Amino acid sequence: MPELPEVETVVRQLAPLATGRRIEEVRILDPLLRAGRPPAYRGRTVARLCRRGKWILFELSGAEPLYLACHLRMTGRLLWRGPDDPLPSHLRARIRLENGEVAFVDPRRLGRLAWTRDPARLGPAGVDPMEPSFTVRRLARLLAGSAQAIKPWLLRQDRLCGIGNIYASEILHAARLDPRRAAGTLDAGEVRRLHRATRRVLASAIRMCGTTFSDFQDARGASGRFQELLAVYGRDGRPCRRCGHPVRRIVQQQRSTFFCPACVGEGRRTGGPEKEKAGRDHGRLRKPSLSRSCSPRE
DNA sequence: CAACCTACCTGGAAGC
DNA sequence: TGCTTCCAGGTAGGTT
């Protein structure tokens with residue numbers, strides 16, 4: 001689930017259900033969440049739900065600020081449960097409110113929960129690309145001087161926050177930029193294209209409620225439709241939607257990158273070395289999941 | 001310091 | 001069928 005659009009979707013879906021509701025209990029079922037010692041939270045209400053990069057923040061009411069922060073990492077999900085709904089599998093934590101509960105589900109157990117009075121201490125967060133402060137000029141300043149390839153650069157949460165492996169490839173494709181280009185070598189026009197593509201791709205994914213791969217989706221969980229619009233991610237060997245040339249998969253920093261060689265005009269790259277991998281298709285990514293509504297049931 | 005690599009986890013799909 | 005291998009939406013922390 002979880003890059004910026006998926007996290008934003010979760011926040012938008014849970015906000016109307018949780019805002020203003022009293023927290024009765026936060027039960028940690030898996031110590032790997034590493035939530036730390038809980039401060040006095042009982043009886044406080046959820047003042048608002050918001051997002052900081054890929055962190056989901058429950059801001060609690062009270063004289064002193066207090067936040068319950070959730071990071072979904074690779075496979076985490078937050079599901080709304082009514083009192084009579086069955087317990088989902090891979091349940092790692094339960095946030096019980098007066099009107100229902102938020103279930104933290106996470107098969108791979110990489111997700112995190114954290115109590116904090118200061119969200120800034122959750123880690124370095126770069127510019128949020130959906131905020132007004134993300135300007136072309138700001139992006140140019142951040143890119144300047146970096147020898148890192150632009151695709152791994154986009155994954156750095158201390159520069160921009162919220163972009164992950166799927167949207168990095170999609171954004172670069174939309175901007176017609178070679179993922180191997182050194183970040184600091186983009187000229188002014190290319191930086192402008194990257195800025196516009198970042199905004200467009202993320203905004204479009206948010207409109208579609210994000211990307212969902214697995215086909216067994218609980219109806220009340222976030223079940224996005226952006227996977228139907230993916231232009232390159234998971235499409236190794238299949239035709240580019242723009243020009244028909246086969247999409248190529250390469251590995252950068254041990255992670256898959258997808259791009260269309262024809263669209264980026266192979267040739268004048270200046271990035272680091274790249275390892276080619278045998279072009280095995282990503283079977284699990286091919287399967288489109290059933291179309292469902294974005295909004296949680298009830 | 002910047003860039004890179006590995007470990008952390010589990011489960012699903014493909015290969016044999 | 002069953003066993004093995006590879007892969008996955010992220011990031012902290014260690015190594016070059």
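The shown structure was predicted, so the numbers you read here are calculated from the model rather than taken from an experiment. Naming convention: chains lettered A, B, ... in sequence-line order (proteins, then strands); numbering from 1 in each chain.
A/His195 meets the ring-ring contact (aromatic ring centres under 6.0 Å, His included) test with A/Phe134; sequence neighbours excluded. Partners of A/Tyr167 according to the ring-ring contact (aromatic ring centres under 6.0 Å, His included) rule, which considers only residues two or more places apart in sequence or in another chain, are A/Phe226. The side chain to side chain donor-acceptor pair (under 3.5 Å) search around A/Ser146 returns none, not counting sequence neighbours. With sequence neighbours excluded, the residues forming a side chain to side chain contact (heavy atoms under 4.5 Å, CB included) with A/Ala175 are A/Leu177, A/Arg193, A/Ala197, listed by chain and number. The side chain to side chain contact (heavy atoms under 4.5 Å, CB included) test applied to A/Ala144 returns no partner, not counting sequence neighbours.
Side-chain N/O atoms of A/Arg255 and base N/O atoms of C/dA8 include no donor-acceptor pair closer than 3.5 Å.
Relative to the side chain of A/Gln254, the nucleotides B/dC9, B/dC5, C/dT11 differ in distance, and B/dC5 lies closest. With C/dT11, B/dT10, C/dA8 as the choices, the nucleotide that has an atom nearest any side-chain atom of A/Arg109 turns out to be B/dT10. Checked against C/dG9, B/dT10, B/dC9, the side chain of A/Leu32 finds its nearest nucleotide in B/dC9.
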* Structure fact -> Dot-bracket for DNA chain B, 5' to 3', Watson-Crick and G-U pairs with both distances under 3.5 Å, [ ] for crossing pairs, | for partner on another strand, reads .|||||||.|||||||
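Listed by first then second residue, pairs satisfying salt bridge (charged side-chain N to carboxylate O under 4.0 Å, His left out) with a partner in residues 122-143 of chain A read A/Arg51-A/Asp128, not counting sequence neighbours. Applying the salt bridge (charged side-chain N to carboxylate O under 4.0 Å, His left out) test to every pair with at least one member in residues 144-164 of chain A, sequence neighbours left out, gives these pairs: A/Arg156-A/Asp158. Every pair passing salt bridge (charged side-chain N to carboxylate O under 4.0 Å, His left out) that includes a residue from residues 114-123 of chain A is listed here, sequence neighbours excluded: A/Glu64-A/Arg117. Applying the ring-ring contact (aromatic ring centres under 6.0 Å, His included) definition to pairs two or more places apart or across chains, those involving residues 20-55 of chain A are A/Tyr41-A/Trp115, A/Trp55-A/His71.
Taking atom CG of A/Leu33 as the reference point, atom C1' of C/dG10 lies 15 Å away to the nearest angstrom.
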Enumerate all atom pairs, one protein N or O and one N or O from nucleotides 1-3 of chain B, separated by less than 3.5 Å.
| residue | atom | partner | partner atom | Å |
| --- | --- | --- | --- | --- |
| B/dA3 | OP1 | A/Ser146 | OG | 3.4 |
| B/dA3 | OP1 | A/Ala147 | N | 2.8 |
| B/dA3 | OP1 | A/Gln148 | N | 3.2 |
| B/dA3 | OP2 | A/Arg156 | NH1 | 3.2 |

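Non-hydrogen atoms lying under 4.0 Å from DNA chain B are contributed by nothing in residues 113-131 of chain A.
Residues A/Gln157 and A/Arg108 both approach DNA chain C. Their nearest nucleotides, taken by heavy-atom distance, put A/Arg108 toward the 5′ side.
In summary, the side chains of A/Arg44 and A/Ser61 do not present any donor paired with an acceptor at a separation below 3.5 Å, with no hydrogens or angles considered.
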* To do: Go through the steps for A/Cys70 and A/Phe58 under the test side-chain contact (heavy atoms from CB on, under 4.5 Å), then give the verdict.
  => CA-CA 8 Å; A/Cys70 308; A/Phe58 291 75; 3.9 Å; yes
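The same atom, P, is picked in C/dC6 and in B/dT6; the two are 14 Å apart, to the nearest Å.
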